[in-house]
There are 2 protein chains.
Amino acid sequence: MKYQHIVHIVSERIKNDEYNFQYALPNQQELATEFGVSRMTVKKALDILKEEGVIYSSRGLGTFVVQHEKLQKISTYQKKQQTKQFSYLKQMLSFEKKHPHQLLQQQLAISAQQNVYAATFIRYRNERPYALEHWFIPEQVIPGITQETLEQDLYHYIEFELGLKLGDTSYTISAVVANEVDKLHLNCTDNHPILKVEKLSFLRTGCPFLYRICHYQAAMKSYQFFDAIKKNK
Amino acid sequence: MKYQHIVHIVSERIKNDEYNFQYALPNQQELATEFGVSRMTVKKALDILKEEGVIYSSRGLGTFVVQHEKLQKISTYQKKQQTKQFSYLKQMLSFEKKHPHQLLQQQLAISAQQNVYAATFIRYRNERPYALEHWFIPEQVIPGITQETLEQDLYHYIEFELGLKLGDTSYTISAVVANEVDKLHLNCTDNHPILKVEKLSFLRTGCPFLYRICHYQAAMKSYQFFDAIKKNK
DNA sequence: AAGTGGTCTAGACCACGGT
DNA sequence: CCGTGGTCTAGACCACTTC
């Protein structure tokens with residue numbers, strides 16, 4: 001795929017400040033000539049970089065690099081996450097197969113008669129309790145799950161053992177106070193704030209296969225995401 | 001733009017169940033013939049629907065509608081938000097021009113000498129205090145702001161009065177406990193949980209122009225977003 | 001008028017999944 | 001093998017911005 005190569009090269013040039021926000025990039029025809037491809041292929045590569053938020057373009061004006069600030073914020077954020085060198089540990093507290101209660105029936109789009117694998121995990125970060133997670137997986141969609149599957153790599157099992165393709169995950173974030181189970185495992189007291197994240201994962205077909213309720217120690221977790229307000233040109 | 005028309009027609013057919021998850025869509029050549037366009041134009045339309053999560057396609061197999069569950073969840077969520085018929089009210093508590101402290105200098109990428117408009121709002125939902133927001137806008141980027149600009153429509157001012165193009169907004173979400181100011185205005189007591197959302201908005205050029213710190217009554221707000229886990233084909 | 005990016009074409013070839 | 005979608009071409013025309 002030639003366009004991926006162009007995406008990579010142009011990304012590198014932006015990182016190396018060969019292209020920067022003060023001047024327009026070479027126009028599409030020049031880039032096409034340089035890379036020995038057609039203009040449409042260049043445009044496809046630039047469209048991907050636009051989607052990534054690295055560049056933008058205006059009819060009649062040209063294509064420009066987005067100013068450093070934004071990218072810096074993202075990269076420094078990621079760097080912070082990496083350089084802190086956290087050690088993570090996931091430990092299973094319970095594992096069972098049961099019938100779903102009403103919330104699960106609704107979220108996983110199944111009936112009360114179908115079985116659901118239910119597991120509870122506690123996560124540690126640098127040996128400190130960090131999150132309490134409840135996982136629910138419909139047996140009909142992802143059959144043959146064992147305790148080991150969940151302790152190792154569920155996604156690998158789904159993709160390579162079952163041959164299913166993964167889709168998107170929906171995140172719903174809210175703030176709550178610690179409940180009794182949280183207080184027991186997350187080492188916190190009354191009225192301790194909790195960042196509650198409900199994650200619903202789908203196969204590529206749109207079938208929901210995993211519902212997670214995750215309670216994070218408020219001080220140890222935040223979520224960041226980007227949102228395009230308007231797509232006006 | 002022909003491809004937008006095709007996006008619209010195919011969307012309608014999916015909503016009307018003329019295309020559904022049980023069968024593949026007509027192949028790209030058939031659609032091209034039907035709409036009287038080239039195959040590339042059909043593909044561009046389908047790419048947009050893929051990006052929206054409405055369909056997916058496999059080389060060698062065809063193009064398919066994503067199962068209803070996922071879309072239902074999104075649309076029912078939106079419907080819930082709409083049918084609750086909330087009444088919203090935004091009230092300004094303070095407005096001033098000042099020099100930025102260190103956090104603002106960093107977030108807005110400005111120096112300590114530059115001026116920043118600082119405003120505080122309280123939001124009500126159905127007459128109940130709902131959120132407390134602190135807004136910060138660098139004068140150099142968005143000049144000429146008055147109290148009225150902020151009470152009315154800042155985005156309209158930026159786009160149509162100043163002629164600037166808007167870019168993305170970054171959201172950073174965490175959970176905290178109510179501070180003294182929250183307790184005063186949000187009508188809550190000690191250790192009340194707060195959903196804290198930092199919003200940093202950029203112009204299309206990547207220049208940050210608005211930093212907001214928003215404290216929501218935990219019980220009255222949640223955030224939902226989607227994330228592609230992997231783009232494997 | 002000149003230069004830019006956005007759209008669209010009519011074809012070609014390739015990679016993949018199923019037979 | 002065939003049918004599918006993914007990539008790529010070499011051009012054309014259009015919309016927009018600036019001079």
Side-chain angles (χ1 to χ4, degrees), chain A residues 1-10 19 21-66 159-160 162-165 167 203-205 231-233, chain B residues 1-10 19 21-66 159-160 162-165 167 204-205 230-233:
Chain A
M1 281 159 296
K2 299 184 182 178
Y3 69 86
Q4 280 189 342
H5 177 244
I6 298 173
V7 167
H8 181 253
I9 300 292
V10 173
Y19 300 148
F21 68 95
Q22 297 184 56
Y23 307 99
L25 266 64
N27 71 39
Q28 295 178 353
Q29 188 53 61
E30 286 179 66
L31 289 171
T33 305
E34 179 196 338
F35 292 112
V37 301
S38 80
R39 204 190 120 205
M40 285 296 285
T41 302
V42 167
K43 186 175 180 301
K44 168 128 189 173
L46 296 182
D47 281 344
I48 290 171
L49 291 168
K50 264 181 255 183
E51 192 66 27
E52 292 176 1
V54 175
I55 60 173
Y56 65 96
S57 51
S58 282
R59 250 185 195 168
L61 284 176
T63 303
F64 303 86
V65 179
V66 165
E159 274 198 284
F160 299 100
L162 299 181
L164 299 171
K165 304 288 180 71
L203 299 177
R204 196 177 52 159
T205 61
K231 290 280 185 183
N232 292 347
K233 295 293 164 67
Chain B
M1 282 157 290
K2 299 183 183 180
Y3 69 87
Q4 281 189 341
H5 177 244
I6 299 174
V7 166
H8 181 253
I9 299 292
V10 173
Y19 300 150
F21 68 95
Q22 297 183 55
Y23 308 99
L25 265 64
N27 70 40
Q28 295 178 353
Q29 188 53 62
E30 285 180 67
L31 289 172
T33 306
E34 180 197 338
F35 291 113
V37 301
S38 79
R39 206 189 119 206
M40 285 295 286
T41 302
V42 167
K43 186 175 180 303
K44 168 128 190 174
L46 296 181
D47 281 345
I48 290 171
L49 290 167
K50 265 181 255 183
E51 192 66 29
E52 292 177 0
V54 176
I55 60 173
Y56 65 95
S57 51
S58 281
R59 251 185 193 167
L61 285 177
T63 303
F64 302 87
V65 179
V66 165
E159 273 199 284
F160 299 100
L162 299 181
L164 300 171
K165 304 288 180 74
R204 196 176 54 157
T205 60
K230 285 181 185 178
K231 289 280 184 185
N232 291 347
K233 294 294 161 67

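Letters A, B, ... are given to chains in the order of the sequence lines, protein chains preceding strands, and every chain is numbered from 1.
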When the distance from [atom1] of [X] to [atom2] of [N] is rounded to whole Å, what number comes out?
X: L31(B); N: dG6(D); atom1: CG; atom2: P; result: 13 Å
X: Q29(B); N: dG5(D); atom1: CD; atom2: C1'; result: 12 Å
X: N27(A); N: dG6(C); atom1: CG; atom2: C1'; result: 14 Å
X: L46(B); N: dT7(D); atom1: CG; atom2: C1'; result: 15 Å
X: F35(B); N: dC8(C); atom1: CZ; atom2: P; result: 13 Å
X: K44(B); N: dC8(D); atom1: NZ; atom2: P; result: 16 Å
X: K2(A); N: dG6(D); atom1: NZ; atom2: C1'; result: 14 Å

From the options dT4(C), dA10(C), dG5(D), select the nucleotide whose nearest atom is closest to the side chain of M40(B).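 Nearest listed nucleotide: dA10(C).
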
T41(A), nearest nucleotide to its side chain (from dC8(C), dT9(D), dT4(C)):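 The answer is dT9(D), which lies nearest to the side chain.
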
CD (Q28(A)) and OG (S57(A)) are apart, to the nearest 0.5 Å, by 7.0 Å

Could you tell me the separation between the CZ atom of R39(A) and the CG atom of N27(A), rounded to the nearest 0.5 Å? 8.5 Å

Test ring-ring contact (aromatic ring centres under 6.0 Å, His included) applied to F21(A) - qualifying residues, sequence neighbours left out: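 Partners of F21(A) by the ring-ring contact (aromatic ring centres under 6.0 Å, His included) criterion, ordered by chain and then number, come out as H68(A).
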
If you assign each of E30(B) and V42(A) to its closest nucleotide in DNA chain D, which residue comes earlier from the 5' end?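 Per heavy-atom nearest nucleotide, the more 5' residue is E30(B).
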
Charged N to carboxylate O below 4.0 Å: is that the case for K50(A) and D47(A)?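 Yes, charged N to carboxylate O under 4.0 Å.
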
Pairs flagged by ring-ring contact (aromatic ring centres under 6.0 Å, His included) wherever residues 35-58 of chain A is involved - sequence neighbours left out: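 Matches after skipping sequence neighbours: Y56(A)-F64(A).
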
side-chain contact (heavy atoms from CB on, under 4.5 Å) partner of I55(B), chosen from T63(B), I48(B), V10(B):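 Output: one option passes, namely T63(B).
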
Indicate, with a heavy-atom threshold strictly under 4.0 Å, whether K43(B) touches base, sugar-phosphate, or nothing.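 Result for K43(B) = base.
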
Describe the nucleic acid contact of M1(A) in one word from base, sugar-phosphate, nothing, applying a heavy-atom distance below 4.0 Å.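 Counting heavy atoms under 4.0 Å across all strands, the contact made by M1(A) is with sugar-phosphate only.
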
Distance check: side-chain N/O of [X] vs OP1/OP2 of [N], anything under 4.0 Å?
X: Y3(B); N: dT7(C); answer: yes
X: S57(A); N: dG6(C); answer: yes
X: T63(A); N: dG5(C); answer: yes
X: Q28(A); N: dG6(C); answer: yes
X: S58(A); N: dT17(D); answer: no
X: K50(A); N: dG6(C); answer: yes

N/O contacts under 3.5 Å, protein versus nucleotides 12-16 of chain C?
{"from": "dA15(C)", "atom 1": "O4'", "to": "R59(B)", "atom 2": "NH1", "distance (Å)": "3.0"}
{"from": "dA15(C)", "atom 1": "O3'", "to": "R59(B)", "atom 2": "NH1", "distance (Å)": "3.3"}

Quick check: closest heavy atoms across V37(A) and K2(A), and the distance to 0.1 Å?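 Closest approach of V37(A) to K2(A): CG1-CD, 3.7 Å.
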
P26(A) and Y19(A) have their tightest heavy-atom pair at CD-CE2, 3.7 Å

